[in-house]
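So that the names make sense, note that chain A is the first sequence line, chain B the second, and so on, each numbered from 1. Just so you know, these numbers come straight off a predicted model, no measurement behind them.
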Amino acid sequence: MQNFNFGQFTADASPLRHVDPRVKILAGAVLSILIFQATPGEIVMISLFMGLVILISRVSLQEIGRALKPIAVFAALLFLLHLFFTEGRDIVSIPLLPVRITYEGLENGFLVVWQFAALVTAGALLTMTTPPSTLVAALEKLLRPLKILRVPTQDLAVMVSMALRFVPTFSEEYNRMKTARIARGGDLKGKGLFRKLKTAISIVVPLILSAFRRADDLAAAMEARGYARGPRTTLKELRMTRIDFAALAVMVSFTGLTVMIRFMDF
Amino acid sequence: MITFKDVSYQYSEKTPPVLESMDLQIPDGQYVALIGPNGCGKTTLIKHLNALLIPSRGEVRINGMNTRETSCHRDIRCVVGMVFQNPDHQIVGMSVEEDVAFGLENLAVPSQEISPLVRNALYRVGMEGFEKRAPFSLSGGEKRLASIAGVLIMNPRYLALDEPTAYLDPAGRRRILGMIRQLHREGMGIIHVTHDIGEVADADRIIVMERGAIIMDGSPAEVCAFLISRDNPGLEAPTMAALMAKLKESGWDLPTNIISVEDAHKEIHSCLTRTAGNQQMEHGRI
Ligand SMILES: Nc1ncnc2c1ncn2[C@@H]1O[C@H](COP(=O)(O)OP(=O)(O)OP(=O)(O)O)[C@@H](O)[C@H]1O
Ligand SMILES: [Mg+2]
């Protein structure tokens, strides 16, 4: 756990690692919109494009698979829902029972699940190839226009990155408290939902209390190092380079292409 | 120059004051140790040094700046760096370099100037090569060093350290103490809070606190003699001084204001040689 990174940042060697995170976030957002309202034809095109990106990023399919695993059950439900509840031409229908499967349902189910998987894959690609601190910095930059509305974007960025910094600390603390409970004869493998809930609460409550105590100290430490409202800089400034403009160009032309095809269809 | 003038501090109206009518002056570049039993107000005192706490009565001035004036706080925090008791509660960055850079980011130093300063600060504490490490993957001693680097980067004139050697093994302790001495040699003022008077034997001055007041302020030797005379369980005299006092009781001609093993060794050795010489002389006469 020497180099534990919060989140899923694993692809340290990926060429996408060096693309400006702002470009990646924007690309992800645009891609999401395209995916979200894609026709079956378009989704094939988008998938091919994403396949290419995955190839370039050198993220293994195994890793993508790992990212997709948690949504498998939900995706299956989504599929069945569309399969059974879409009006259209019957494939199978059982008389008397309200069960019918339609061509449209099958198509819809496939499309929706595919869209869902593509969205998750796009998100996974972003987080796998971007260190969390860089991601936070990029979000701060992208949200900067909100400053006009007096949203304290820089403070928000500090907040988020501190939250990320403390995730491992808290998981450590959680494990310590769990061990302490076991050491005192506590039973963690209790059967029954109620027992499980009780055990969880008995660990989580002290964890939250200790977090509050820590927050006090932390605030003092930040203040002592000159943290205050007002302008601040960051160690790593984001700067657009050639590779970023290239990535941006690719993204713009792909989007243009997709939109064009959409209009030609009409 | 740090000046406390008649400083009292209460955490709330209902509780008794934690500091009471305290007067104190610390000149530039002095190495001051602060000792006292648990809860006597050491942490409370040093939090006044960089305006984290503002006195309820009296005033604290740092290089002439009154800590009561909010507009001075940034400057005050650049003059006095503060290393807290628990480094886990001090490290804010997601990596060592980001954490060390935090102070300069707050001062809005341009990015390209920060990187070399981060490297230099890590070099000063002997932590080169740790830039990319996640804070929680560091050992206790390394965390402490990283948190000191994060303070040094702001180039303070004084460094206040709250029990910097707590939870460290002897090697880690020696490393921190060596670094504190090195910084002192380079001209940095040090305020070092500790429970072990043995580790501040070479401070310029030791201040002893009890229940919110300074009860002794003097050189290590003077403080040592004072502690032996008082015999308070919360404020133990250094082991070496206690040993010397016991030996003196049994009739050896030894000074008792000794803190370090080296000094004790020197004194005992010279005492033994003297006695041996005397015995030889007596022997020769017979
Ligand atoms: N935030 C706080 N609110 C109320 N009382 C406090 C607070 N912090 C400290 N105190 C009280 O002030 C007194 C002095 O505390 P302080 O932390 O300064 O002692 P200390 O000398 O640093 O002790 P230690 O050696 O244990 O670190 C204690 O009685 C403590 O209970
Ligand atoms: Mg303390």
Is [X] in contact with chain A via its backbone, its side chain, both, or neither, using a 4.5 Å heavy-atom distance?
X	result
B:Val83	neither
B:Phe84	side chain
B:Asn86	neither
B:Glu97	both

Whether over 12 other heavy atoms sit under 6.0 Å from [X] [atom1]:
X	atom1	answer
A:Leu61	CG	no
A:Leu209	CG	yes
B:Arg157	CZ	no
A:Phe36	CZ	no
B:Lys5	NZ	no
B:Arg211	CZ	no

Indicate the atoms forming the closest heavy-atom contact of A:Pro231 with B:Ala108, along with that distance. O-CB, 3.7 Å
Would you mind listing every salt bridge (charged side-chain N to carboxylate O under 4.0 Å, His left out) that reaches into residues 74-87 of chain B, with sequence neighbours excluded? A:Glu223-B:Arg77
Could you grab the distance from atom [atom1] of [X] to atom [atom2] of [Y], nearest 0.5 Å is fine?
X	Y	atom1	atom2	answer
B:Phe136	A:Ser171	CZ	OG	6.5 Å
A:Thr234	B:Leu104	OG1	CG	12.5 Å
B:Leu52	A:Met222	CG	CE	12.5 Å
A:Leu235	B:Ser111	CG	OG	7.0 Å

Determine whether A:Arg225 and B:Val92 make a side-chain contact, defined as any pair of heavy atoms from C-beta on separated by less than 4.5 Å. yes
4.5 Å side-chain heavy-atom contact, B:Phe102 and A:Arg232: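 Yes - at least one pair of side-chain heavy atoms lies under 4.5 Å apart.
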Max heavy-atom pair count under 4.5 Å with chain A, selected residue of [options]:
options	answer
B:Met82, B:Glu98, B:Gln112, B:Glu113	B:Glu98
B:Val151, B:Asp99, B:Asp88, B:Asn106	B:Asn106
B:Ile153, B:Val109, B:Val118, B:Leu107	B:Val109
B:Cys78, B:Pro156, B:Gly150	B:Gly150
B:Val100, B:Leu53, B:Val80, B:Ile91	B:Ile91

Answer with side chain, backbone, both or neither: which region of A:Gln154 has an atom nearer than 4.5 Å to a non-hydrogen atom of chain B? neither
A:Thr233 side-chain N/O to B:Pro110 backbone N/O, donor-acceptor pair under 3.5 Å: no
